[in-house]
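Reckoned from all heavy atoms, side chains included, excluding hydrogens, waters and symmetry mates. Letters go in sequence order (proteins before strands), and every chain restarts at 1.
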Amino acid sequence: MGHALDHEARAAAKRLSAWILLCALLSGLILFLSGCGPEEGAAVPGKLRIGVLPDEEEAALRDRYTPLLRYLNQVLDVEVELVVPRDYASMLSSFAAGEIDLANFGGVTFVKANEAHGAEPLVLRDIDLQFTTFFLSRPDEPRQTIEAFQDQRFAFGSELSTSGHFMPRYFMQAEGLVPERFFSTVEYSGSHDATVYWVRDGKVDLGAVNSEVVDAMLADGRLVAGEVRVVLETPPYADYVWAVQASLDPDFVSRLRSAFLELSPSNDADAEILSRLGAGGFLPARNSDFERLREVISSLEAAGRDQPGKAE
Amino acid sequence: MKTPLYGRIRLYTYLVIATLTVSFAVAAAAFFYYDVRIESQLDRVLRVHSRTVQLAASIREQLLPVRALLDMHHLAAGAHDESHHSDLEAVLSALPTALYNIKNDFTAIAQVQQASGDAAFKPVVHKIERQIAELERAYAAALSSQEAAGVRVLRSALNALLLSADQLRRLHHVAAEDLDLRTGELTAERNIILVSLVLVLAVLSVAALVSLMSQIRVTLARQEETDRSLLEREKSYRTLVETVPNGIIEADLTGTIFLANKAYERMVGRTDSEIIGEKAWTFVSGEEEKRRLEVQLGEMVRLGSAPSLVTTKLLRKDGTEADVEIAWACERDSRGNPTGLVAVISDVTARLQLEASLRQSQKMEAMGQLTGGVAHEFNNLLGIIQGNAELLADNQEADGSLLRPILRAAARGSNLTRHLLAFARQQPLHPRAIDIPDLLKGMSEMLDRALGESIDMEIRTDPSLSAVSADPTQLETALLNLALNARDAMPSGGKLRIECSNVHLDDGDEAVPPGRPAGEYVLVSLSDTGQGMSDEVLRHAFEPFYTTKQVGKGTGLGLAMVYGFVEQSGGHISIDSRPGGGTTVRLYLPRENGAVPTTEEEERTEVPRGHGESVLVVEDDREMRELVVTMLNGLGYRATEVSDVAAARAVLERGDSIDLVLSDVMLPGGINGVAFAREMLARDPQSKVILMSGYPDEVMKYDGDLGPDRIMLSKPFKRRELAESLRSVLG
């Protein structure tokens, strides 16, 4: 019996050492994971692939972006490539697939890329922070405030447009107005100029349009002054933004940002690049610039789950 | 007490403490390290940022009014209004102050930036430096040229600087966001370390616990094993204690009993519950004894005296007493302090009784020896007195009136010595098979007369009663003696009952005294309804000359004779008596398996006389020899006398005609009468020999040994006995 007991005691000691070994391994693993995790996948790209919105012919796009590409190539000493996706959706999927390192997103697209794929905001043009939306009515309209248009007909632009839909909806929601309940009808015209014409022609009583588009239409004569009246201009908000993959090396991202920020309108060469991009200069972009947009998108998505097919 | 378990528990405790200490230290270090890192980053970044943002704000503050003025001037210039030239000067005059302020701020901030080494800000800060210089140059150019182109350049430089200010401000915000992210990461990292520490601790604790539990289990199993073996030993000791015939008690130091075995319970005739809790001396008989034992035990505890043996009596519940020996010992612990008392009690009642009985029989034996020796000597003297007196009586000249008292006294003396010899178991007995009912029938008339009318006698005999082997004359005498004793015990009348039965005595029976063989006996008991005897009387009842009767009324030899006769007959006698409760005397007589011969009355005839036959008398005692020779001559024999065997042989070898040899047994010269008789018989089987002896033992020893015709005479003998013996041998 004594021998058996001694044997049992030795077995217990063995078990104890096994436990301790297990502990050591476990803690080592945890420390290893916590220590190494963040560094994983950080990379300096051999070639910088730049995706841009396909809002023009590819030739025009190349013409517009070539100076920037050349500049980046010089400053960063890295090969650059322009990627022009077929449409907004394919741009998003290319970014998701890692086929694009740097992309010029619209506000909504960026929010989605940020949420789904961790796209990090890099820089935006000075004017990108100055976007506003006009609420337009016919000039003879007696109603002077948005609140006065209750139960009237209303139109947004494109359903996926930041300035034609999401941001005006955000500002209305901030005032406690839910368009679908407040107006008698809410329609999507499909584009900014269409909305302008719907208002001018009396198809709707009130329309939300990008202020720059209105200015441009006035400038090129597509719209005659006095055909519409601005009921309200929203506060400025951010729209377009340059974003990078989260997996990029932080130092490289930092240099990339600096390269954009270096572009000075007082320098002739820089001014050329900037003017092609319609910018007075670049400013660092922040995630919080798109906080309002993110809010309204998520609230619409929540509503969209109740009304399938309505969003996007 | 040190066991492996305690060692292991200590080891595990140290292990856990060490683990806790290390973990605590690591946790503290992690907290400290991360907090310091986070703090320092926050500090540095916030310090640099606040100054940087300050610069951005300063630039905007200083330059925005200037740009507003320039814009107005530009619009005016567009209208080609010369009157606005003075305005331009006013505008331009505002710039140096703004530039001075900006440059001051910048210098301060550049130093901070230099110190911080934050790469994110550097390009913009450098750019601002350049742009400030550009603005200065543009200002100088615009001031000197006063042309629209110069103003445009100035405006462009101004805008560029304002943009940089914006960049700087936003960079701060980006960095702040980044900082939030980084501190979040650091916090997460720290939390992971803490969580893993907790995990490690938990696993270690569980491991230690599991191991400890198994240790405890093993130790408990060992303990259980030990307990079990202890229990078994305890049980076997318990069995031992309960099995031994000795009483065993255990008591505490105050003498209070807390354990007693079955044997002790039997000894004091009490149950366990009546014993436990009592004092060790409670059951001792007598207050004096109790106190003595109490004092003794107290001293044993106090002084540490050695174990003691006490002989005392225990009082049973039913009032009877038991003689016991108590061996006391004091139990002590390892340091020698007394812890309790233990006693082993032996019941010695039976042994003491046996010893008393042995002493009694030894006493009786010694008395018998003494009595026998004295009686023999007297017998010889009496033989001389009687023989000579008889010779004198035969002489016609003697005065019969003087001789008769001598002869009477000699006869009484002879009678007395015969009684003494009877007690001393040395009387010559002639045992025969006796049918006791026959004997009693023959005695009944005599007994009735002896008992008198006030005493009824009842005789009960077993029809299948065996015969006994005893001397009938002596048995009669014994029964008569006992009957007379019974009569004397019932002076005012009563009843005497005589009962006879067959009994078988075993070795253990009380009726069988030490040294007596067990076997078949006939019991003859005589019970009276008299006054009985006290213990003291009973103890001396068989001793010779012990009598309770008045002087002159009894000899004190009655019971002694009966005792001697029964013992000599191979039987045993016992008396039961209580004062006032009557007396029962029991005679155990050995059974005789042979047939009972019919008794014939011995016919009394004249003393047979000799016809001149020659008789050789061998006797060393001169007086005895002369007496015998005188008797022989008086009876008509020719007597030749010698004093020893050598002389006798000489007579025989001389060829003298000797018809018969009459020889004493005890003779000087190394050869006794028996050997001499054998010698003669060997030489001539027709030889005739009569042996004489004063010692009935010898008589019995050789009686019949020398053939059916050889007769042994017991001294002293009467003339008639001698004459008859001679005639029966010579024919």
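- Of the atoms belonging to B/Arg130, it is side-chain heavy atoms, and not backbone ones, that fall under 4.5 Å from chain A.
- A/Phe105 has its ring centre less than 6.0 Å from the ring centre of A/Phe95.
- Between the side chain of A/Arg286 and the backbone N or O of B/His173 there is no donor-acceptor pair closer than 3.5 Å.
- Using a 4.5 Å cut-off between heavy atoms, B/Gln167 touches chain A through backbone and side chain atoms alike.
- Heavy atoms closer than 4.5 Å to chain B are found in the backbone of A/Ala285, but not in its side chain.
- Side chains of A/Thr234 and A/Tyr170: a donor-acceptor N/O pair is absent below 3.5 angstrom, by distance only.
- Contacts of A/Asn287 with chain B are made by both backbone and side-chain atoms, with heavy-atom separations under 4.5 Å.
- The contact between A/Leu263 and chain B is made entirely by backbone atoms, counting heavy-atom distances below 4.5 Å.
- Between the A/Asp270 side chain and the A/Pro265 main chain, no donor and acceptor come within less than 3.5 Å of each other.
- Not a single donor-acceptor pair under 3.5 Å links the side chain of A/Ser254 to the backbone N or O of A/Pro250.
- When B/Ala157, B/Ala188, B/Ala160 are compared by the number of non-hydrogen pairs under 4.5 Å with chain A, B/Ala160 comes out ahead.
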